[in-house]
There are 2 protein chains.
Amino acid sequence: MIAERGLAGLKTRDLAREIGCANGAVYNLVTDVDELILRVGSRTLLRLDEALSAAEQAGERSPQETLVRIALTYCDFAAENLELWRALFEHRMEVDKALPDWSVNDQMQLFRHIYQPLTALFPKRSPEELGITARSLFSAVHGMVALGLEQKLVAVPLPALRKEIAALVRAMIDGLVARAA
Amino acid sequence: MIAERGLAGLKTRDLAREIGCANGAVYNLVTDVDELILRVGSRTLLRLDEALSAAEQAGERSPQETLVRIALTYCDFAAENLELWRALFEHRMEVDKALPDWSVNDQMQLFRHIYQPLTALFPKRSPEELGITARSLFSAVHGMVALGLEQKLVAVPLPALRKEIAALVRAMIDGLVARAA
DNA sequence: CAGCGAACTTGAACATCGTTCAAGAAATAT
DNA sequence: ATATTTCTTGAACGATGTTCAAGTTCGCTG
């Protein structure tokens, strides 16, 4: 239902009807809609992880082109799974309630894919520094995808967005390498 | 109320009590909560615009450092106006309802600040190309700020985030300039 | 198979929202 | 002073997440 109608289109009563039970029975499977959303997010992250893993392996081995490939795969995944991908970031818990451990763990895994190629590019940097660089790079690409796929402003055609992402990732890496030297 | 309790903390009844009228009377000022949120967003964008304008003028005139200053100002603004800034991006209209014109107009203005320094760096590029580059750069910085200020993952200390943003903006520009040459 | 307890299921009920609207109050025009 | 327009009120409606007492089913044991 999230995939079809977005986070806001997920209603417990509709869900209950779809799976064939009373609305109250949903709460035997899940304590909250929050948990439900996080569980869906977990699956989405798993599929995203698989896509990024494939991108990491396939194609040219050069670290730079691997990173470009990963960024484009992220873009494609977001475009093809728009609502599910949005749900990962749109959802906010109430302030007091903490994320369950399994959910927190999920999210850390994403930077892993970027980490590997970065070690090849920056052999001098410490693991902590590399982790920070990885997160920065990921965040920058995420921003381009997020605003690029937003309907609110003028919608950017996907091929143009991909081109921009590839260009900026190459530029970022060029720049980082040049400054590290 | 958005500033204090976030978008989800905005309730028409609380709002009516605060401004001293019946809850129904809110709809004389505004047709929707959607419109209310957009109007608040308009004010936020105006203040953001002022902050970015100041950053554009002040300090070193070099285009590169101007862009770094603008990026850091954006980061600071988001941190200091966290909930209001989030409201700009969290809010989604129903699919059928269109944004009013005054709201669409607001959003375009942001890239303006980046555009100017970019023309100095890339005199060969066409206005359309520059516009695209401007949006890419903005989106990348936006992503770093968005994920950096997210409480969901490990919260990044603000000084570290600023350092990362400055480093990546410089790297992006270095890289773009090098590839343009 | 009968009986018992645990687990599940149901759907009504509750609280909280945004939104509407008839009825009354206030302001303004004649 | 009266009529007309405008504003204000707060009850009511429909959605929605969540809870819960009552009913139902299931699995085990004698």
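Residue numbers begin at 1 in each chain, while the letters A, B, ... track the order of the sequences.
One can place CG of A:Leu7 at 11 Å from P of D:dG17, the figure rounded to the nearest angstrom. Here D:dA15 presents its P atom at 17 Å from CG of A:Leu10, a figure rounded to the nearest Å. The OH-P distance, from B:Tyr27 to D:dC13, rounds to 17 Å in whole Å. Spacing between atom CZ of A:Arg5 and atom C1' of D:dT16 amounts to 15 Å, rounded to whole angstrom units. Nucleotide D:dG17 holds its C1' atom 14 Å from the CE atom of A:Met1, rounded to whole Å.
A 4.5 Å side-chain heavy-atom check between A:Glu18 and A:Arg13 finds every atom pair outside the cut-off.
Nucleic acid contact class of B:Leu29 (heavy atoms, under 4.0 Å, all strands): none. B:Asn23 comes within 4.0 angstrom of a base, heavy atoms only. Using a 4.0 Å heavy-atom cutoff across all strands shown, A:Leu15 reaches no nucleic acid atom at all.
The side-chain contact (heavy atoms from CB on, under 4.5 Å) check on A:Tyr27 picks up A:Thr12, with sequence neighbours excluded. Residues satisfying the side-chain contact (heavy atoms from CB on, under 4.5 Å) test with B:Asp34, not counting sequence neighbours, are B:Asp32, B:His91, B:Met93, B:Glu94, B:Lys97.
Where DNA chain C meets chain B (any atom under 4.0 Å from a heavy atom), the bounding nucleotides read 5' to 3' are C:dC17 to C:dT20.
Using the six-membered ring where Trp is involved, B:Phe89 and B:His142 have ring planes that are tilted, between 30° and 60° apart.
Salt bridge status for B:Glu56 with B:Arg112: absent, with no side-chain N to carboxylate O gap under 4.0 Å. Electrostatic pairing of A:Glu129 and A:Lys124 does not count as a salt bridge here, judged by no charged N lying under 4.0 Å from a carboxylate O.
Positionally, the nearest nucleotide of DNA chain D for B:Asn28 lies more toward the 5' end than for the other of B:Asn28 and A:Thr31. Take the nearest nucleotide of DNA chain D for B:Gly20 and for A:Arg13: the residue whose nucleotide is more 5' is B:Gly20.
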